[in-house]
Each structure stands twice: as structure tokens, then as C-alpha cells.
Amino acid sequence: MPKNSKVTQREQSNDHVTESVADLLAHEEPFDYKNSSLNVGGAPGKKVPQIEVPENDGRPAWNSKLQYILAQVGFSVGLGNVWRFPYLCQKNGGGAYLVPYFILLLIIGIPLFFLELAVGQKIRRGSIGVWNYVCPSLGGIGMSSLMVCGFVGLYYNVIIGWSICYFFQSFQYPLPWSDCPIRRNGSLAIVEPECEKSSATTYFWYRQTLNTTSTIAESGGLNVKMTLSLLVAWIIVCLAVIKGIASSGKVMYFSSLFPYVVLFCFLIRGLMLKGSVDGIAHMFTPKLEKMLEPKVWREAATQVFFALGLGFGGVIAFSSYNKIDNNCHFDAVLVSFINFFTSILATLVVFAVLGFKANIMNEKCIAENAEKILGYLNSSVLSHDLIPPHLNFSQLSTSDYAEVYGVIKTVKEDGFSQLGLDPCLLEDELNKSVQGTGLAFIAFTEAMTHFPASPFWSVMFFFMLINLGLGSMIGTMTGITTPVLDTYKVQKELFTVCCCIVAFFCGLLFVQRSGNYFVTMFDDYSAGLPLTVVVILENVSVAWIYGTKRFMQDLEDMLGFRPYKIYFYLWKYVSPFCLIVLISATVIEMAIIPPGYNAWVQELAEERFQSYPPWALTMCFSLIVAAMLPLPIVFIARRFNLMSDGSNKLSVSYRKSMMKDISNLEEQDESRFILGTKPGEAPPSAPAGRACLAPGGTKTLDPNSLSPNICYGTSYQNPVISPTTPPTPTTPGAPESDS
């Protein structure tokens with residue numbers, strides 16, 4: 001019995017007890033013994049009422065299930081679906097890449113996504129609170145998630161700023177990146193040499209937008225245009241999340257749905273363009289031999305991992321605002337498949353447009369080489385007898401040029417290389433792999449310059465990128481604000497504004513002239529390895545420390561049905577094994593491949609790989625260490641009782657629930673004492689299954705159930721009659737048996 005119980009106080013007091021039983025009961029709340037769990041002789045099978053916690057416990061909630069699903073879709077579907085997945089698909093065997101990706105989505109993606117949704121919905125707190133409850137020694141998981149969210153949010157919003165800059169410059173015709181600028185020197189007009197060596201879109205990106213330096217060591221000062229764009233981006237994000245899900249939920253209706261409207265419009269328009277079918281056919285032509293390469297499976301696992309937003313804390317934060325009995329298994333499967341089909345849709349759009357661009361570039365190549373051949377014919381370097389009479393050089397088709405090229409190569413075998421003729425193969429153009437900013441701001445923008453009404457399509461495309469980025473940023477910011485607001489008593493609006501202001505000033509690192517290189521650095525090192533470690537610890541803490549069988553029972557109590565048995569084996573064995581392999585492969589790759597970045601060399605007008613200088617290398621590994629540092633610190637601090645286990649950080653709603661539970665226990669313990677039963681002892685016929693207060697729910701849970709009260713050893717449980725369940729002795733905290 002609790003030490004502050006009224007009965008215990010009376011037992012320990014030296015004063016003579018003068019109250020009669022009637023007097024004692026007169027001061028207590030009315031107690032209905034017939035319907036209580038103390039009525040051990042009640043009719044068999046009669047439903048026993050349980051303690052109920054009001055669903056509205058003061059925590060914000062989603063207005064509708066649709067709003068919640070759109071929020072999860074908006075967070076998981078981001079820029080990577082548009083510019084990372086198509087690149088990986090092309091690089092790793094076309095349609096064959098979809099096989100390992102789909103398999104890994106089933107055995108890693110959906111189970112781990114389901115796990116995060118379930119713990120967030122059950123415990124109804126952010127990432128810090130959730131993992132403090134599941135396993136206090138691994139409470140650093142939530143803090144590491146928060147650190148990674150902070151790092152990612154800093155550079156991710158810079159990409160939104162770039163999209164905003166391009167968006168506003170799209171309202172003009174012709175588009176400013178459609179032609180190379182002309183440099184005038186008196187009466188002489190020449191094309192900008194840097195642009196002439198590269199292309200108009202490449203020059204506009206590196207020189208007129210970023211004005212980038214040639215190395216990361218050259219700061220070059222702030223880029224005013226990019227600084228203003230970053231400020232606008234942070235203002236938009238701040239307004240979207242300042243009221244929590246009350247504001248971000250409404251934004252999601254538009255930011256999650258609008259990209260699909262644009263993608264379908266681009267797909268329809270793209271299919272009407274010449275060469276689009278060539279791009280799609282090239283994309284989905286399977287190279288089955290690629291499936292046997294381990295690297296393909298590793299990259300597919302990494303893409304599955306990051307596509308669903310695992311480990312960031314945003315998934316947990318969003319699900320914590322759900323009702324306790326929401327079917328999170330359905331949500332996990334639905335969002336995962338929406339994410340997968342969005343990637344397929346984006347891939348179709350990208351390669352339909354790139355197929356059109358490849359045809360344009362191939363025709364340009366043929367025209368340039370046809371002029372060279374005519375020059376060689378006129379200068380008698382080549383004989384006119386080599387050219388078939390039916391060919392018209394003013395309208396040379398791809399097949400005609402291939403025929404001429406083959407004849408010249410055969411005849412001029414010795415001196416052919418000196419002629420400088422290109423094969424102009426469509427396949428070569430389609431094989432040029434581009435991803436990330438190179439796809440969005442160079443390749444795709446170049447293709448759109450050839451569209452009819454190109455400004456309209458440019459506005460639509462960059463507005464889509466802004467919305468894709470905004471949806472992910474809302475989830476990332478929620479992964480930061482929700483754990484902090486749950487743990488500390490701070491004003492939501494003030495904290496959100498302060499976060500955005502601090503993030504803007506920290507983000508100035510990325511809007512100096514060398515800022516593009518720091519974006520690459522943060523993208524490569526701040527999230528990859530730390531997030532993989534975070535997710536495997538999440539998996540281990542639930543499946544091995546808390547116990548998979550207990551977790552499955554919690555899910556059955558919460559959802560009303562038992563999840564498929566396969567989840568037991570996926571959580572306990574398959575997912576941890578796959579994640580360990582992924583971590584090992586990531587570490588090996590980091591050790592083998594020298595750390596570096598692609599720098600734009602102005603004199604050569606091309607990218608060149610450069611290794612990081614020592615100070616930048618130190619910065620790279622500092623990002624990894626800083627993100628993972630909370631894990632050992634919290635473990636050691638709690639191991640030696642240097643840090644509270646977090647139970648004193650309960651939110652108001654949790655304290656109310658726990659106090660109500662304690663109050664009910666005291667009343668029942670006193671009644672048992674009065675009726676002659678030992679204090680704190682349940683009647684002999686009471687089973688092991690008991691009603692336990694879980695935040696926001698009223699389900700009957702195992703004594704070791706996933707509940708805040710249980711995890712800290714402060715569970716106050718009431719016996720519930722279950723005629724069909726024999727009494728089974730349980731020991732809280734005992735290790736789980738796999739049998």
C-alpha cells in the first residue's frame with residue numbers, strides 16, 4: 001500500500017483510533033461493491049466496469065483521420081521521392097531495382113514504421129518521453145532524434161529557400177536560365193565563357209544563383225539573395241507550426257495534396273512530348289544482373305529507411321496526437337504504400353521529361369556533327385562517295401546519322417579520332433545520371449525551357465518542391481517541438497518562434513557563397529549513420545528489452561485485434577539483423593571512400609571532386625559524434641543514478657491520470673482492510689490480468705504493459721474479474737520467454 005495511504009497513516013500513528021467502521025466509511029466516497037472488482041463472488045461472465053480516463057486529457061488531437069494521414073504522408077513524401085529515388089532506380093538496374101526495394105519495404109520499412117506509430121499512439125508523448133518510458137537507460141534515443149532533426153532542419157530549409165528563389169524568378173518570359181548571358185566589350189558581344197563551356201542552366205545555378213566559390217575553404221561572404229530566400233522559408237515554416245497541429249494540420253491539406261496535382265499534370269504533359277516514351281522505357285527496362293550486387297540492396301535499404309522518416313521523431317510525434325484505439329497498423333501500411341507509389345509516379349514524370357530532354361540534346365548533337373561532316377566534305381578531308389545519296393544533311397535523322405557515322409568510322413579507321421565526331425547515341429544521354437540539386441535545378445529546369453508556356457510549368461514545378469519540402473519540415477519541426485513541450489513547461493508559440501530564429505541564424509552557414517558544400521556535408525554526415533543507430537536501438541529496446549510478446553499484447557489491447565504473427569519475428573530477428581548489416585555497410589563505405597565534395601571550378605566550368613581539408617573533416621565527424629552523444633551520456637548517467645529517469649517530467653494529463661489511479665487504489669485498499677483482507681493484497685481468486693491506467697485509454701493490460709506508470713515501477717493496478725483466465729503469477733520486469 002502507498003505510504004501516504006490513510007489506512008497506513010492510521011496504523012503507524014500512536015494516537016488511539018476512536019473511529020468506528022461506520023465513521024471511517026462516512027469519510028470515504030460511496031463504493032459500489034456489487035459492481036467493483038472486490039465482488040469476487042459476482043456472477044460469472046458479468047462485465048466488470050474499469051477505470052476510465054477521459055479521451056480528452058488536455059493533449060491536442062487531430063481534427064480528423066484524413067488530416068492525420070495527410071500529415072504522415074506529407075512528412076514521409078519529400079524531396080527525396082522526386083530527386084533521389086529516380087536516380088537510384090536508373091543507377092541500380094531500372095525496373096529490377098524495384099524488387100529489392102519492395103522486399104525491404106515489407107521486411108524493414110512497414111514493421112519499423114508500425115512500431116513507431118504504435119509507441120507514439122500508446123504513450124502519447126514525443127520521442128524523448130516515449131523512449132524514457134520504454135527503457136529509461138536508452139532515453140538518449142529521443143534526444144539523439146531531436147539532435148538529428150535539428151541538423152537536418154538547418155540545411156533542409158535552405159533547399160526550400162533555393163526553390164523559393166527559382167519560384168519567384170519563374171514569372172518572366174523567357175526564363176532567365178534559358179540562354180547564356182552576353183558579355184559586351186564596346187561593340188564586341190561575346191557569350192559568357194563559363195556558360196559557353198557548360199550550359200545555360202548550369203551557369204545560372206552555380207554562378208547567378210549560388211555564386212559559389214571554388215573550394216569549401218573560401219567563404220566568399222553571404223549571398224544576399226539566398227539569405228532573403230532562407231528568411232522567407234523560415235517565416236513560412238514558423239507560421240505553419242506555431243500553433244502545433246492546430247496550424248500545421250490545416251497546412252497539410254494543401255501541402256500534401258498539391259504535389260500530386262502537379263505530378264499528374266507533368267505526367268500527362270510529359271507523355272505528350274517527343275521522346276518521353278524512350279525515357280520511360282529506358283527507366284523500367286530491368287537489368288536483372290544488378291539484383292545480385294550487395295550495393296543495390298544496401299542503397300535500397302537506405303532509401304526505404306529515409307523515405308518513411310524513421311528515427312526522426314516526427315512519426316512518433318504525429319501519432320501521439322491520435323486516439324488510443326486508432327488502427328495504427330492500417331495507417332502504417334497505407335502511408336508506406338502511398339510513399340512507394342509516389343516514388344513510382346515521380347520516377348515516371350522525371351524520366352518522361354528527361355526522355356524529352358535527351359531527344360532534344362541528341363538532335364542538337366546530330367546537327368553539330370552534321371556541320372562538321374559537311375565541313376570535311378567541302379575541304380575534301382572526306383570523299384563525297386562515302387555519303388549515301390538519299391541523305392539530307394539539313395534534316396538528318398538519328399538512324400541516318402548512325403549510318404554515316406558508321407561508314408566514316410570504318411573508312412577512316414586510322415585517323416577517325418582526329419575528326420572529333422561524336423556517336424550521338426540516345427542511350428548515352430539517357431544514361432547520364434543526375435540526382436539531388438543537379439536534377440531539380442539543372443536537368444529538369446533545362447527540359448522545361450523547351451516546353452510550350454515554360455514559365456507556367458516552371459512556377460508549378462518549384463511550387464511543388466516548396467510544398468514537398470514544407471511537409472517534411474513540418475514533420476521535422478514537430479519532432480523537435482513535441483518532445484520539448486511534453487518534457488518542459490514552456491509556452492508553445494514562444495518556443496517555436498525562438499527555434500525558428502535560432503535556426504535562421506545558424507542557417508547562415510549555408511547561404512554564404514560556399515554554403516552549397518556545407519549542405520552536402522550535413523546531408524552526408526549529420527543524419528545517415530546516427531539515424532540508423534537510433535532506429536536499431538528503438539527496435540532493440542522494444543523487441544528485446546521490453547519484450548516482443550508484451551508489445552504484441554499491448555497492441556492487441558490497444559487495437560482490439562492481434563497483429564499478424566510475422567511481426568513478432570520481423571521485430572525480434574529480421575529487422576535488427578538487416579539494420580546491423582546496414583550499419584556495417586555504412587561504416588565500411590565511410591572508411592573506404594575518402595570524404596569529399598564536388599566543387600564547381602569556375603575556370604574549367606565543371607565539377608571536380610575535392611577532399612575535405614582537416615578542419616572540415618573534423619567538422620564531419622563532429623556532426624556524427626554530436627548526434628549520437630546523448631546515447632552513451634544518458635545511459636551512463638542513469639546507470640549510476642546521476643540523472644532522473646524522467647518520471648518527474650510527466651505532463652499534466654499524465655499526472656492527473658496517475659493521481660486518479662492512486663486515489664482509486666487507496667479507496668480499494670482501505671475497503672479491503674476494513675473487510676478483513678490484508679492491505680494491498682488482492683482477493684485470492686483475482687487473476688493476473690488487471691486494469692491499468694494508460695494515458696488516454698481504458699484497456700486491460702498486462703502488469704508489464706507499455707504504460708508510463710508501469711515502466712517506472714509506479715503502477716497501481718486494480719484486480720479485474722475474468723472468469724475465463726486462470727490466475728497466473730507474474731513478476732514485473734521479469735525477462736520475457738520466447739516460448
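Along the sequence shown, residues are numbered consecutively beginning with 1.
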Supply the atom-to-atom distance S229 OG to I159 CD1, rounded to the nearest 0.5 angstrom.
-> 13.5 Å
Write down the atom of V353, the atom of F444, and the distance for their closest heavy-atom approach.
-> CG2-CZ, 3.7 Å
Using atom types as modelled and distance alone, determine if a side-chain donor or acceptor of R513 lies under 3.5 Å from a backbone N or O of N211.
-> yes
Taking the side chain as C-beta and beyond, is there a heavy-atom pair between I182 and I190 under 4.5 Å?
-> no
With distance as the sole criterion, is a donor-acceptor pair present between the side chains of Y517 and T215 under 3.5 Å?
-> no
Measure up the F451 and F266 rings against each other and bin them: parallel (under 30°), tilted (30 to 60°), perpendicular (over 60°).
-> tilted
Any donor-acceptor pair under 3.5 Å linking the side chain of Y612 with the backbone of C620?
-> no
Is a side-chain donor-acceptor pair under 3.5 Å present for Q610 with Y597?
-> yes
N/O donor-acceptor pair under 3.5 Å between N362 side chain and A358 backbone = no
State, with a plain yes or no, whether a side-chain heavy atom of F85 is found less than 4.5 Å away from one of N339.
-> no
Okay, side chain of N223, backbone of L210: is any donor-acceptor separation there less than 3.5 Å?
-> yes
Rounded to the nearest 0.5 Å, how far does OG of S145 lie from CG of L531?
-> 7.0 Å
Hey, would you say the F463 and F167 ring centroids sit under 6.0 Å apart?
-> yes
Describe, in one word, how the ring planes of F340 and Y101 are oriented to each other, choosing from parallel (under 30°), tilted (30 to 60°) and perpendicular (over 60°).
-> parallel
To the nearest 0.5 Å, atom CG of L228 lies from atom CD1 of I164 at 11.0 Å
Do side-chain atoms of K295 reach the backbone of N92 as a donor and acceptor pair under 3.5 angstrom?
-> no
Distance only, no hydrogens: is a donor on one side chain within 3.5 Å (strictly under) of an acceptor on the other, for S458 and S170?
-> yes
Taking C-beta and beyond as the side chain, do V148 and V152 meet within less than 4.5 Å on heavy atoms?
-> yes
Side chain T476, main chain S472, donor-acceptor under 3.5 Å | yes
Mind checking whether Y206 and W600 have parallel, tilted or perpendicular rings, split at 30° and 60°?
-> parallel
Do side-chain atoms of S144 reach the backbone of A627 as a donor and acceptor pair under 3.5 angstrom?
-> yes
Is the ring centre of F504 less than 6.0 Å from the ring centre of W234?
-> no
Walk me through it: do C180 and C195 pass the test disulfide (SG to SG under 2.5 Å)?
-> CA-CA 6 Å; C180 284; C195 182; 1.9 Å; yes
Under 3.5 Å: donor-acceptor pair, side chain of N81, backbone of T342 | no
Side chains of I624 and M590: does their closest heavy-atom pair fall under 4.5 Å?
-> yes
Please step through side chain to side chain contact (heavy atoms under 4.5 Å, CB included) for the pair Y155 and T520, ending with a clear verdict.
-> CA-CA 9 Å; Y155 78 84; T520 302; over 6 Å; no
Would you say the side-chain atoms of D523 pair up with the backbone N or O of V519, donor to acceptor, closer than 3.5 Å?
-> no
F204/Y166 aromatic ring centres below 6.0 Å | yes
Check the pair M147, L629 against side chain to side chain contact (heavy atoms under 4.5 Å, CB included), reporting the backbone distance first and the verdict last.
-> CA-CA 10 Å; M147 292 286 292; L629 199 58; over 6 Å; no
Heavy-atom check, side chain of S514 versus side chain of E218, under 4.5 Å | no
Check: S454 side chain, H450 main-chain N or O, donor-acceptor pair, under 3.5 Å | no
Do E589 and R298 meet the salt-bridge criterion of a basic N to acidic O distance under 4.0 Å?
-> yes
The ring-ring contact (aromatic ring centres under 6.0 Å, His included) partner of F441 among W177, F461, W205 is W205
